[in-house]
Each structure stands twice: as C-alpha cells, then as structure tokens.
Amino acid sequence: YLSERKGVNYLIKAFNKLNRKDTLLLIAGTGDQEDKLKALAESNPNIKFLGYMDGVEKANYYSIADFFVFPTLDDVWGHVVTESFYNGLPVILTSKAEAKELIREGKTGFIVPDRDSDALAEAMKRLLDSSKLLKQMKKNVKKIPRSKIVDINLTVKTFDKAINYSLEKQK
C-alpha cells in the first residue's frame, strides 16, 4: 500500500541518488500517495510503478528481483519481509519495521535508520556494486529454515501487535 507511513518517497530519493542506468526500481501497490510518488519519480525512467498485484503475478516479480527494500516509517511487522525471504531475497529495511528481528545484519539484509535516503542509497549501492556480496546474501537467505519464516507463533505475535497498535491509534 502506497501510504505515507511506508516511506516510499525516501526510497525514490535514495534510488535517484544512485543515478544508475543499469538498474530498475519496481514499486508495487496503490494508495493515497501514488500521485505524489509518481511525480517524485517522473524524472527517472528507471522507476516503474506496477500497481496492485497478488498471487502468481507478485511471485513472478519476486523471482526477477535482486533484493527487496522496505523503507517503512512505522510498521508493526512487515509481512513483505517474510515474503521476500520466502522468495530468496535479501532485505533492506528501516529500524521502524518490527520484522527487523529476522535480519542478520550484512548476512541476510541491512537495517537502516528511517527517513534516511542516504543510508538507503548506501545499502542498495553495496548490493548493486558487489555481485559477490549479493550472491552470498541470497545463499544465506535460502538457508533460513522455512519454519522461522512462516512460524505460527510469530504470526500470532504479529497479529497481536497489529491489534494493539490499532487500539492505541484509536485512543
């Protein structure tokens, strides 16, 4: 979902700082920030908005990606992190994603400060500039036991956090 709290604007700024012609940034989802994000990205032909996707279509995009970036400003978990791991992708995410507890820094991904497009750009650059590091991180992700990625206890804990988060926001 392309909402302000997902931090996609910082991702676009970070990608623009990379100034790479050999790399695409694929952004999936729709939402109330979509027009603003497209305007922010309009000067870069290597940023593509894919719209909403699910199922096989989403799996196909995971299969062609090198890594996944989750620039959230506030997330009680971030199921896209477990989806990315399930599909064999290292993850760059912010410290505001509770799913950061799954990341082994420098081994299966990178954790960067939220609202920091420079840190996002640097983490992406590290993976884009080192095929050896990217390959090793993909191997490390594939070694993560499926039970850790799709653990029912972790899922229940996540839903509990989401419910409590929603109740707190309503107060």
Side-chain angles (χ1 to χ4, degrees), residues 1-29 31 33-34 36-38 40-41 44 46-50 53 58-146 148-151 154 158 161:
Y1 189 69
L2 301 178
S3 67
E4 190 171 341
R5 82 179 172 86
K6 294 298 182 180
V8 177
N9 55 321
Y10 294 99
L11 174 57
I12 292 169
K13 290 174 186 174
F15 188 79
N16 284 336
K17 288 177 186 189
L18 294 175
N19 196 26
R20 296 181 73 116
K21 306 296 182 220
D22 63 342
T23 305
L24 289 176
L25 173 60
L26 304 175
I27 300 173
Q33 294 292 301
E34 189 170 354
K36 288 181 183 178
L37 295 170
K38 285 180 176 177
L40 184 61
N44 191 332
N46 289 16
I47 300 175
K48 309 291 182 197
F49 286 82
L50 305 173
M53 59 181 64
K58 187 185 338 181
N60 287 337
Y61 278 101
Y62 273 120
S63 74
I64 64 167
D66 288 320
F67 55 89
F68 188 86
V69 182
F70 187 45
T72 188
L73 307 179
D74 182 29
D75 222 292
V76 295
W77 184 251
H79 285 291
V80 291
V81 175
T82 52
E83 276 184 344
S84 298
F85 278 178
Y86 190 83
N87 286 282
L89 298 179
V91 177
I92 300 168
L93 53 67
T94 68
S95 56
K96 296 296 183 170
E98 292 303 318
K100 68 184 178 276
E101 67 186 54
L102 295 177
I103 300 292
R104 289 180 40 229
E105 184 68 30
K107 304 287 184 200
T108 60
F110 297 112
I111 303 168
V112 300
D114 67 309
R115 303 175 194 274
D116 190 339
S117 58
D118 289 332
L120 275 173
E122 183 56 36
M124 288 188 291
K125 185 177 182 337
R126 284 182 70 188
L127 291 177
L128 292 168
D129 287 350
S130 176
S131 59
K132 183 178 177 181
L133 175 62
L134 179 60
K135 187 176 181 179
Q136 185 59 53
M137 287 178 92
K138 285 183 171 188
K139 282 183 182 177
N140 293 340
V141 167
K142 288 179 182 170
K143 291 178 185 175
I144 299 171
R146 291 285 192 232
K148 185 172 183 178
I149 296 172
V150 291
D151 181 357
L154 193 55
T158 302
K161 281 184 181 180

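Given the structure is predicted, the values throughout are model-derived calculations rather than measurements.
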Nearest non-hydrogen partners of [X] and [Y], listed with the distance:
{"X": "I12", "Y": "F49", "answer": "CD1-CZ, 4.1 Å"}
{"X": "L120", "Y": "A14", "answer": "CB-CB, 3.6 Å"}
{"X": "G78", "Y": "A99", "answer": "O-CB, 4.0 Å"}
{"X": "M137", "Y": "G109", "answer": "CE-N, 3.0 Å"}

So do the side chains of [X] and [Y] get within less than 4.5 Å of each other, counting heavy atoms only?
{"X": "D66", "Y": "K138", "value": "yes"}
{"X": "E101", "Y": "W77", "value": "yes"}
{"X": "S95", "Y": "D114", "value": "yes"}
{"X": "V91", "Y": "L102", "value": "no"}
{"X": "V8", "Y": "Y1", "value": "no"}
{"X": "L25", "Y": "N44", "value": "no"}
{"X": "V81", "Y": "K100", "value": "no"}
{"X": "L127", "Y": "F110", "value": "yes"}

Exercise for review: For atom NZ of K107, decide whether the heavy atoms of other residues, nucleotides or ligands shown that lie under 6.0 angstrom number more than 12.
Suggested key: no
Review point. Should we count OH of Y86 as having more than 12 external heavy atoms under 6.0 Å?
Key: no
Exercise for review: Before accepting this row, confirm whether a basic side-chain N of the pair R126/E122 lies closer than 4.0 Å to the acidic partner's carboxylate O.
Suggested key: no
Check your understanding: Taking it one step at a time, do D75 and L93 satisfy side-chain contact (heavy atoms from CB on, under 4.5 Å)?
Key -> CA-CA 11 Å; D75 222 292; L93 53 67; over 6 Å; no
Check your understanding: Has K13 got its NZ or CZ under 6.0 Å from the middle of the six-membered ring of Y10, at an angle within 45 degrees of the ring axis?
Key -> yes
Rounded to the nearest 0.5 Å, what separation is found between the [atom1] atom of [X] and the [atom2] atom of [Y]?
{"X": "L24", "Y": "I47", "atom1": "CG", "atom2": "CD1", "result": "10.0 Å"}
{"X": "N16", "Y": "N46", "atom1": "CG", "atom2": "CG", "result": "9.5 Å"}
{"X": "D74", "Y": "E98", "atom1": "CG", "atom2": "CD", "result": "8.5 Å"}
{"X": "F85", "Y": "F68", "atom1": "CZ", "atom2": "CZ", "result": "11.5 Å"}
{"X": "Y61", "Y": "L50", "atom1": "OH", "atom2": "CG", "result": "4.5 Å"}
{"X": "K125", "Y": "R20", "atom1": "NZ", "atom2": "CZ", "result": "7.0 Å"}

Does [X] use its side chain to pair, donor to acceptor, with the backbone of [Y] at less than 3.5 Å?
{"X": "T94", "Y": "T72", "value": "yes"}
{"X": "E4", "Y": "Q33", "value": "no"}
{"X": "T108", "Y": "R104", "value": "yes"}

Point to revise | K36 and N9: CA distance, side-chain angles, deciding distance, side-chain contact (heavy atoms from CB on, under 4.5 Å) verdict | key: CA-CA 9 Å; K36 288 181 183 178; N9 55 321; over 6 Å; no
Exercise for review: Run the numbers on M124 and L11 for side-chain contact (heavy atoms from CB on, under 4.5 Å), then give the verdict.
Suggested key: CA-CA 10 Å; M124 288 188 291; L11 174 57; 3.9 Å; yes
Check your understanding: Step by step, would you call L128 with T23 a side-chain contact (heavy atoms from CB on, under 4.5 Å)?
Key -> CA-CA 8 Å; L128 292 168; T23 305; 3.9 Å; yes
Practice item. Show your working on side chain to side chain donor-acceptor pair (under 3.5 Å) between Q136 and N140 and close with a plain yes or no. Key: CA-CA 6 Å; Q136 185 59 53; N140 293 340; 3.0 Å; yes
